[in-house]
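See structure below.
Only heavy atoms go into these numbers, but all of them, side chains included; no hydrogens, no water, no symmetry mates. The residues of the chain are indexed from 1 along the displayed sequence.
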Amino acid sequence: MIFEPFPAYRPSYFHVKFATAPWERLACAALRRQVFCTEQGIFEDDDRDAIDAQAIPICALSTLGGDTDAVVGTVRIHEVAERPGEWWGSRLAVAKPFRGTAALGAGLIQVAVSSAHARGCTRFLAHVQERNVPLFQALHWESLGPIDLHGRPHDLMQADLAAYPPMADPETGLVTLRKAA
């Protein structure tokens, strides 16, 4: 009937790339605060740390009519200065309404590892919250063992770089498609 409410709009395409525009960087920081401070209570006011000074933020953008609409996912990557070739990913966050969209997490992880691989990465590591370990394992990551971080169970995980060919242009990134429900 015409008076029935419309279902909420859910974009089908997401653009995953380096956060290059100022608004993208600000939205990545806001999403991280929402997830790690407000929702999970891991940090009190802000989750920023010294790594942010050198980290490369990556964003997942929802699209509306082909134009970018909002940052709905983020992760950051950085190379360890004391160990050239060793890269880390951290602060992977997806906005609550989009958490069932596996393409977002997979796209963020792909751009993170593949872009680091293109920059000379020989080892890519992350501390992964326990509930997300199965996703990472499905994406060719190996657990190196459990660890308690910020009072929460995590696994130290390593990516299989053979599954992540170097991405030469992460500023442009890739487009992922949400599977229909």
Side-chain angles (χ1 to χ4, degrees), residues 10 14-62 69-83 86-116 121 123-160 164 170 173 176 178:
R10 297 276 317 251
F14 301 94
H15 187 186
V16 183
K17 65 180 205 64
F18 279 9
T20 54
W23 76 268
E24 293 169 342
R25 290 175 172 267
L26 289 171
C28 287
L31 178 57
R32 285 175 37 186
R33 275 191 305 280
Q34 175 63 36
V35 171
F36 298 116
C37 300
T38 305
E39 292 176 23
Q40 295 183 6
I42 295 174
F43 305 100
E44 193 167 317
D45 296 317
D46 198 357
D47 73 313
R48 291 185 57 82
D49 59 20
I51 292 170
D52 284 302
Q54 67 197 44
I56 301 168
I58 297 169
C59 60
L61 304 165
S62 64
D69 179 41
V71 171
V72 296
T74 188
V75 68
R76 67 180 182 181
I77 61 171
H78 75 282
E79 183 175 23
V80 178
E82 305 80 34
R83 294 184 295 280
E86 182 177 305
W87 284 70
W88 283 76
S90 57
R91 302 292 203 269
L92 176 65
V94 174
K96 199 171 199 171
F98 297 92
R99 292 199 184 133
T101 309
L104 280 178
L108 286 162
I109 293 165
Q110 180 179 346
V111 171
V113 181
S114 292
S115 61
C121 175
R123 186 174 195 213
F124 195 99
L125 301 163
H127 291 120
V128 177
Q129 289 186 9
E130 188 177 69
R131 68 176 171 256
N132 296 324
V133 168
L135 169 65
F136 280 75
Q137 288 172 326
L139 296 172
H140 307 283
W141 286 64
E142 174 188 3
S143 176
L144 303 178
I147 184 172
D148 185 69
L149 192 61
H150 306 293
R152 311 253 171 149
H154 286 69
D155 272 30
L156 173 59
M157 298 192 76
Q158 181 172 327
D160 176 1
Y164 296 92
T176 63
R178 176 177 60 87

How about I42 and Q129: do any of their side-chain heavy atoms sit closer than 4.5 Å? yes
Report yes if the side chains of I56 and W87 come closer than 4.5 Å at any heavy-atom pair, otherwise no. yes
Check whether S143 reaches the backbone of M157 with its side chain - one donor and one acceptor, N or O, closer than 3.5 Å. no
Do the side chains of V71 and W23 get nearer than 4.5 Å, heavy atoms only? yes
Straight-line distance of R32 CZ to D46 CG, nearest 0.5 Å: 7.5 Å
Once rounded to the nearest 0.5 Å, what's the spacing between atom CG of D155 and atom CZ of R131? 13.0 Å
CZ of F18 to CZ of R25: how many Å apart, nearest 0.5 Å? 9.5 Å
Parallel, tilted or perpendicular: which describes the rings of W141 and Y164, with under 30° parallel and over 60° perpendicular? perpendicular
What is the minimum heavy-atom distance between F36 and L92, and which atoms define it? CZ-O, 3.3 Å
Side chain S114, main chain V111, donor-acceptor under 3.5 Å: no
All heavy atoms of I77 vs all of A112, minimum pair found to be CG2-CB, 3.5 Å
Beyond-backbone contact of Q40 with R152, side-chain heavy atoms, under 4.5 angstrom: yes
Between I58 and C28, what is the shortest heavy-atom contact and its length? O-SG, 4.0 Å
Count the heavy atoms belonging to other residues, nucleotides or ligands that lie under 6.0 Å from NE2 of H140, then report whether that count exceeds 12. no
For the pair R91 (side chain) and D47 (backbone), establish whether a donor and an acceptor sit closer than 3.5 Å, ignoring hydrogens and angles. yes
Can you tell if the side chain of L26 reaches within under 4.5 Å of the side chain of E24, non-hydrogen atoms only? no
Is it true that H150 and F43 have ring centroids separated by less than 6.0 Å? yes
So CG of L108 and CZ of R76: to nearest 0.5 Å the spacing works out to 14.0 Å
If you define the side chain from C-beta out and look only at heavy atoms, does anything of K17 sit under 4.5 Å from L61? yes
